[in-house]
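Data block below; observations after.
Values below: every heavy atom of this structure, side chains too, minus hydrogens, waters and symmetry copies.
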Amino acid sequence: MLIETEIVTRLRAAGCVFAEDEAALLLETGAEAGELEALIERRIEGEPLEQVLGWAEFAGRRIRVLPGVFVPRRRTEFLAAEAARLAARAADTAPGDALRTPVVVDLCCGAGAIGAAIADAAGPLRLVAADLDPVAVQAARLNLEPLGGLVYEGDLYDALPAELRGRIDVLAVNAPYVPSDAIAMMPPEARDHEARMALDGGGDGLDVHRRVAASARSWLAPGGALLIETSERQAPVAVAFFEAGGLDARIVHDDEADATIVVGVRGTAS
């Protein structure tokens with residue numbers, strides 16, 4: 001049986017900065033010698049540790065991931081937390097002491113990490129998620145169906161049940177926002193092992209954001225909010241097409257997480 005020091009040495013030689021932590025997690029799987037060796041080789045060959053382990057840590061939960069699926073980033077916890085706050089606020093809008101059940105959609109959901117985090121933090125809600133990548137949909141179902149969520153496969157709003165139009169309280173989106181020309185400069189773990197559609201945002205990185213913002217107002221309930229993660233540099237551009245889509249938009253940044261989101265709200269009068 002391989003011992004931890006041997007695994008650390010091999011991982012470090014392959015360039016793994018956190019070799020000690022990774023070795024401990026690989027041993028934690030309890031895999032037999034042959035299976036453990038296969039896991040180590042996958043990691044040495046550059047596959048993301050999360051895909052090797054089959055899970056990623058996100059907002060205090062282990063999110064199941066599958067090979068080839070986008071690995072949820074820790075900075076996206078900021079988007080999830082803000083979305084959960086808005087979902088909880090929506091639940092408080094019922095008359096009297098009653099609570100209403102907010103409708104939350106995790107669009108471009110990947111493995112469903114955002115939806116799972118919102119469900120954990122915001123209490124009872126109707127949770128729907130969608131992604132174009134069939135493998136991501138498979139992973140999201142593993143994570144969200146035990147929480148009562150429904151996951152659909154398809155292109156943005158085309159994947160959603162029509163009866164959600166005009167009823168969504170929180171629309172959380174982590175769409176790709178890396179410019180096409182910058183994909184080649186991404187770490188090989190992402191560039192070579194995550195679906196291209198989960199990374200490539202087009203010429204300026206905002207192609208999917210434009211499409212989401214253009215149609216969001218018709219899907220949001222009055223007072224409902226669209227939240228999209230982006231870069232600090234791209235955020236002012238995103239605000240412009242949020243506003244062009246009829247939403248009141250603002251930029252929210254978290255220095256500690258180095259995370260930026262744009263939030264757009266549909267007015268309650270319309």
Side-chain angles (χ1 to χ4, degrees), residues 18 21-22 25 42-43 46-87 104-122 125 127-147 149 151-153 156 159 170-178 183 186-201 205 208-209 212 226-231 252 254 256-262:
F18 303 104
D21 294 338
E22 295 192 11
L25 288 169
R42 287 170 60 190
R43 181 62 184 129
E47 189 170 349
L49 177 67
E50 294 85 354
Q51 292 179 5
V52 173
L53 295 173
W55 58 269
E57 181 76 20
F58 187 88
R61 171 184 283 268
R62 287 189 174 185
I63 299 295
R64 293 281 301 277
V65 295
L66 300 174
V69 171
F70 181 81
V71 175
R73 290 8 178 201
R74 298 300 292 270
R75 65 174 172 270
T76 307
E77 292 177 358
F78 178 59
L79 168 62
E82 182 66 12
R85 185 184 69 81
L86 294 175
V104 173
V105 173
D106 182 358
L107 198 61
C108 303
C109 67
I114 294 172
I118 297 171
D120 281 347
L125 49 83
L127 177 60
V128 174
D131 201 287
L132 184 59
D133 179 3
V135 183
V137 169
Q138 182 182 353
R141 285 175 175 155
L142 293 173
N143 291 306
L144 299 182
E145 287 183 347
L147 304 176
V151 184
Y152 298 92
E153 180 182 337
L156 299 180
V170 175
L171 178 58
V173 186
N174 188 19
Y177 58 92
V178 179
I183 298 291
M186 294 187 72
E189 288 182 339
R191 185 181 69 230
D192 298 336
H193 295 281
E194 294 178 325
R196 176 87 181 201
M197 71 175 70
L199 304 174
D200 192 342
V208 182
H209 293 58
V212 170
L226 164 66
L227 304 89
I228 294 186
E229 181 176 289
T230 186
S231 72
V252 187
D254 183 80
E256 183 177 353
D258 191 25
T260 301
I261 62 175
V262 177

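- Between W55 and R62, the shortest heavy-atom distance links the atoms CZ2-CZ, 3.3 Å.
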- Message: Applying side chain to side chain contact (heavy atoms under 4.5 Å, CB included) to E229 and R75, what does each step give before you reach the verdict?
- Response: CA-CA 9 Å; E229 181 176 289; R75 65 174 172 270; 3.6 Å; yes

Can you give each donor-acceptor pair under 3.5 Å made by side-chain atoms of residues 133-142, sequence neighbours left out, with the distance rounded to 0.1 Å?
| unit_1 | atom_1 | unit_2 | atom_2 | d |
| --- | --- | --- | --- | --- |
| D133 | OD1 | V135 | N | 3.0 |
| R141 | NE | V151 | O | 3.3 |
| R141 | NH2 | V151 | O | 2.9 |

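- A190 and M186 make their closest contact through CB-CE, 3.8 Å (heavy atoms, listed as atom of the first residue, atom of the second, distance).
- Taking the salt bridge (Lys or Arg N to Asp or Glu O under 4.0 Å) definition, one finds that E22 meets it with R43, sequence neighbours left out.
- Heavy atoms only, all atoms of each residue included: L66 and Q51 are closest at O-CG, 3.9 Å.
- Looking at heavy atoms from C-beta onward, V105 lies out of side-chain contact with Y152 at the 4.5 angstrom threshold.
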Anything under 3.5 Å between a donor and an acceptor, one on a side chain of residues 107-120, the other on a protein residue two or more places apart or in another chain? List them.
| unit_1 | atom_1 | unit_2 | atom_2 | d |
| --- | --- | --- | --- | --- |
| D120 | OD1 | R61 | NH2 | 2.8 |
| D120 | OD2 | R61 | NE | 2.9 |
| D120 | OD2 | R61 | NH2 | 3.3 |

- Going through the distances and angles, do N174 and F70 end up as a side chain to side chain contact (heavy atoms under 4.5 Å, CB included)? CA-CA 11 Å; N174 188 19; F70 181 81; 3.9 Å; yes

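- Of the possible polar contacts, none joining the E47 side chain to the H193 backbone as a donor-acceptor pair under 3.5 Å is found.
- Residues that satisfy the side chain to side chain donor-acceptor pair (under 3.5 Å) test with E194, not counting sequence neighbours, are R73.
- Taking R64 as the reference, nothing meets the salt bridge (Lys or Arg N to Asp or Glu O under 4.0 Å) condition, with sequence neighbours excluded.
- Counting only heavy atoms from C-beta outward, the side chains of V208 and L156 approach each other to under 4.5 Å.
- E57 is linked by a salt bridge (Lys or Arg N to Asp or Glu O under 4.0 Å) to nothing, counting only residues two or more places apart in sequence or in another chain.
- Distance alone, capped at 3.5 Å, places no donor-acceptor pair between the R196 side chain and the I183 backbone.
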